[in-house]
Each structure stands twice: as C-alpha cells, then as structure tokens.
Amino acid sequence: MCRVAGIDGVGNMPLAELVRAQHQFLGPLLMRLPDKRLRRVAMLAIRGILASRSPRVTHIAKSLVRKQCCPRSMGRRLYRFLWNSRFDHQTLLASLYEITRGIVAR
C-alpha cells in the first residue's frame, strides 16, 4: 500500500493555521487553477492526503467526511477535480516544480 510519510506537528495545528499554511505553500498551484471551486477542492484534497497519509482517492475521501456523510460523494468530488478538462497534469506539474524551486532556493 502506498503511504505518505507523516509530517510532525500537523495534527496539533489549529484549522485556521493549517489553512493559512496550505494557502502559503500551495500559492503557485492555486493561482493556476481556473476556478475558485477548484481551488477549494485542491485544498480539501491536500488536507485529506495529510490526514489519511495516502494518495488514494478513497482513503482521502474517508478522512474528509463527517460521520453522518457517505465518503462516496466526497470521492466523486475529488475524481471530478482530477478529471477536469479545464486544466491538465502539466498545470499541476508546473506548479509543483515552482514550489520545489522555492524550497530549494531557501
């Protein structure tokens, strides 16, 4: 099973601080997405990856849903984001490359 290494201290951060840190880190990616709704789903997906420690959409969806909600609807939302025709994988790769360049420069 594919696992994402844990990031120390993320589980102890308040939600507002976590969202602020996400916005700051993912700035290049969020600027390239054509729609505010897509930016919101990208933020949810990253939060789900951190919570589930897995890049699998089903694991991400399970970590994002409330107890009363079904993970299927969240999974569909994430799949619609990934299969969106308004941007492609090159857009995501270019923004990740820009983020990496900033980290290496620091």
Side-chain angles (χ1 to χ4, degrees):
M1 182 162 106
C2 187
R3 300 283 293 172
V4 176
I7 300 173
D8 295 333
V10 170
N12 300 330
M13 289 176 74
L15 185 60
E17 188 176 334
L18 180 62
V19 169
R20 196 174 323 111
Q22 268 188 304
H23 270 286
Q24 182 180 7
F25 182 74
L26 295 173
L29 170 66
L30 298 176
M31 289 181 345
R32 285 187 168 88
L33 293 176
D35 186 358
K36 183 178 182 179
R37 181 179 48 88
L38 293 173
R39 292 182 201 115
R40 223 176 16 247
V41 176
M43 295 287 287
L44 273 175
I46 297 299
R47 197 175 311 150
I49 290 170
L50 292 174
S52 68
R53 294 185 177 187
S54 172
R56 293 184 176 172
V57 173
T58 53
H59 293 258
I60 297 168
K62 285 179 190 176
S63 69
L64 290 173
V65 296
R66 306 281 190 263
K67 291 181 182 176
Q68 300 86 5
C69 182
C70 175
R72 177 181 284 168
S73 61
M74 183 60 73
R76 279 192 297 230
R77 187 176 183 186
L78 294 171
Y79 275 118
R80 280 193 310 267
F81 171 78
L82 293 172
W83 293 333
N84 198 310
S85 61
R86 295 171 63 195
F87 65 93
D88 59 359
H89 72 283
Q90 293 295 340
T91 306
L92 298 176
L93 285 176
S95 28
L96 291 175
Y97 177 74
E98 189 175 332
I99 290 169
T100 305
R101 278 186 31 206
I103 291 172
V104 170
R106 277 187 264 146

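We number each residue from 1, following the sequence as shown.
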Can [Y] be reached from [X] by stepping across I, L, V, M, F, W or Y side chains whose heavy atoms are under 4.5 Å apart?
X     : Y      : result
Leu30 : Tyr97  : no
Ile46 : Ile103 : yes
Val19 : Leu33  : yes
Phe81 : Trp83  : yes
Leu92 : Tyr79  : yes

For the atom pair [atom1] ([X]) and [atom2] ([Y]), what is the distance rounded to the nearest 0.5 Å?
X     : Y      : atom1 : atom2 : value
Ile99 : Arg101 : CD1   : CZ    : 12.0 Å
Arg86 : Asp35  : CZ    : CG    : 4.5 Å
Arg37 : Arg77  : CZ    : CZ    : 8.5 Å
Met74 : Lys62  : CE    : NZ    : 14.5 Å
Ile49 : His59  : CD1   : NE2   : 12.5 Å
Arg80 : Ser85  : CZ    : OG    : 13.0 Å

**Study point:** Residue Gln24 excluded, over 12 heavy atoms near CD under 6.0 Å
**Key:**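 Counting neighbours around CD of Gln24, 12 or fewer heavy atoms of other residues, nucleotides or ligands fall under 6.0 Å, so no.
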Review point. Is any side-chain heavy atom of Arg76 less than 4.5 Å from a side-chain heavy atom of Arg72?
Key: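 Of all side-chain heavy-atom pairs linking Arg72 with Arg76, at least one is under 4.5 Å.
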Review point. With a 4.5 Å limit on heavy-atom distance, are the side chains of Leu29 and Leu96 in contact?
Key: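 When only atoms from C-beta onward are counted, Leu96 and Leu29 do not touch, as no gap falls below 4.5 Å.
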Check your understanding: For the residue pair Arg32 and Glu98, what are the closest heavy atoms and their distance?
Key ->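 Shortest heavy-atom contact: NH1-OE1, 3.0 Å.
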Check your understanding: Are the side chain of Ser63 and the backbone N or O of Gly48 linked by a donor-acceptor pair below 3.5 Å?
Key ->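 Side chain of Ser63 to backbone of Gly48, a donor-acceptor pair under 3.5 Å: yes, one is there.
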